[in-house]
> 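The structure is given below, and queries will be raised subsequently.
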Amino acid sequence: NFFRSFNYKFEPSVRSHLKNVYATLTMSIMTAALGSYVHLYTNLLRGGGILFSLLGMGLAIGLFAYPDNGKNRGTRFAMMLGFAFLTGLGLGPLLDLAIMLDPSILPSALMLTSIVFASFTGVALVAPSGQYLYLGGSLLSGLSTLLLLGLVNIFFRSQLLFQAHLYLGVAIFCGFIMF
C-alpha cells in the first residue's frame with residue numbers, strides 16, 4: 001500500500017516531525033480562512049486595514065524575536081495563529097474583488113493550489129533522500145530572475161513579460177515545494 005510505505009521509509013522522529021508540520025500548516029490555513037470569512041460575511045473587524053497589517057507584522061516579528069525554548073510553544077503557536085487570522089482578514093478586500101469579478105475564482109484557486117501542493121509534496125516525500133537538494137541554487141537564481149522581470153515590467157508594462165513572470169513564478173515555486 002502506498003501510504004503504508006511511509007512507515008517504512010521514514011524514521012519515527014521524521015514521521016512525527018512531518019505530522020506536526022502538516023498539522024500546523026493545516027491549522028494556520030484554517031485560521032486564515034476564518035479571518036477571510038469574518039471579513040467577507042460579517043461586519044465585524046471591517047475597515048481596520050493598516051491597523052491589522054501592523055498587528056500582523058508585530059506578531060510575525062514577535063515570532064522571530066521570541067525563540068523556541070520548549071516552554072513557550074503555546075505562546076508561539078498562538079502568535080502564529082493570530083498572524084494567520086490577521087493575514088486572512090487582510091486578504092478580505094482582495095477576495096471581495098475576486099468574487100465580484102467571477103465567483104468561481106475562489107473554489108478553483110483553492111482546488112488547484114491544494115492539488116499542486118499535495119502532488120509536489122508527495123514527489124518530495126517519495127523521492128530518494130537528497131535527490132532534489134541540487135535544486136536550491138537554480139531555484140534561487142530563478143527567484144532573482146523573477147525579481148528582475150518584475151522590476152523591468154514596472155517600466156515596460158509588457159503583457160509578454162507579465163505572462164513570463166506569472167508562469168515562471170508558478171514553476172519556480174513548485175520547485176520550492178519539492179526542495
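Hydrogens, waters and symmetry mates are skipped; everything else that's a heavy atom, side chains included, is used. The model shown is predicted, which means the values in this text are computed figures rather than measured ones.
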> Let me check something: do L110 and M27 share a hydrophobic cluster, defined by ILVMFWY side-chain heavy atoms less than 4.5 Å apart, either directly or through other members?
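Result: no, two separate clusters.
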> Please list, one pair per line, the donor and acceptor atoms closer than 3.5 Å that link side chains of residues 155-165 to other protein atoms, with sequence neighbours excluded.
residue	atom	partner	partner atom	Å
S158	OG	L160	N	3.2
S158	OG	L161	N	3.2
H165	NE2	L146	O	3.1

> Can you list every pair that meets side chain to side chain donor-acceptor pair (under 3.5 Å) and has a residue in residues 170-179, with sequence neighbours left out?
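Applying side chain to side chain donor-acceptor pair (under 3.5 Å) to every pair that reaches into residues 170-179, excluding sequence neighbours, yields nothing.
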> Check residues 87-96 and write down every donor-acceptor pair under 3.5 Å in which the side-chain atom is one partner and the other belongs to a residue at least two apart or another chain.
residue	atom	partner	partner atom	Å
T87	OG1	F83	O	2.7
D96	OD2	H39	NE2	3.2

> I'd like to check L40 versus I99 (side-chain heavy atoms, cut-off strictly below 4.5 Å). Are they in contact?
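Of all side-chain heavy-atom pairs linking I99 with L40, at least one is under 4.5 Å.
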> Starting at CG of L135, measure out to CG of L140 and round the result to the nearest 0.5 Å.
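It comes to 10.5 Å.
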> Using the side chain to side chain donor-acceptor pair (under 3.5 Å) rule, collect all pairs that involve residues 70-86, keeping only residues at least two apart or in two chains.
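Checked against side chain to side chain donor-acceptor pair (under 3.5 Å) - neighbours excluded - the pairs reaching residues 70-86 are D68-R73.
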> In Å and rounded to the nearest 0.5 Å, what is the CD1 to OG1 distance from I29 to T24?
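That separation rounds to 11.0 Å.
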> Going from CG on L148 to CG on N153, what distance comes out if it is rounded to the nearest 0.5 angstrom?
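Reported value, rounded in 0.5 Å steps: 11.0 Å.
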> Please name the pair of heavy atoms, one in A84 and one in S28, separated by the smallest distance, quoted to 0.1 Å.
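Answer, listing the atom of A84 first, then S28: CB-O, 3.4 Å.
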> For the hydrophobic clusters of this structure (ILVMFWY residues joined by side-chain heavy atoms under 4.5 Å, transitively), does one cluster hold both L34 and F77?
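Same cluster: L34 reaches F77 through Ile, Leu, Val, Met, Phe, Trp or Tyr contacts under 4.5 Å.
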> From L25 CG over to N20 CG, what is the distance, rounded to the nearest 0.5 angstrom?
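So the gap between those two atoms works out to 12.5 Å.
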> Going by the rule ring pair (Phe, Tyr, Trp, His ring centres under 6.0 Å), which residues pair with Y41 if we only count those two or more places apart in sequence or in a different chain?
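Ring pair (Phe, Tyr, Trp, His ring centres under 6.0 Å) list for Y41, sorted by chain: Y37.
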> Same cluster or not: are Y66 and L59 linked, directly or through other Ile, Leu, Val, Met, Phe, Trp or Tyr residues, by side-chain heavy atoms under 4.5 angstrom apart?
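Looking at the clustering, L59 is in the same group as Y66.
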> How many angstroms lie between atom CG of L55 and atom CZ of F85, to the nearest 0.5 angstrom?
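With rounding to 0.5 Å, CG (L55) is 11.5 Å from CZ (F85).
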> If the condition is ring pair (Phe, Tyr, Trp, His ring centres under 6.0 Å), which residues does F176 pass it with, not counting sequence neighbours?
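Checked F176 against ring pair (Phe, Tyr, Trp, His ring centres under 6.0 Å); matches are F173.
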> For L86 versus G56, what's the shortest heavy-atom pair and its separation?
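Where L86 meets G56 most closely, the heavy atoms are CD1-N, 3.5 Å.
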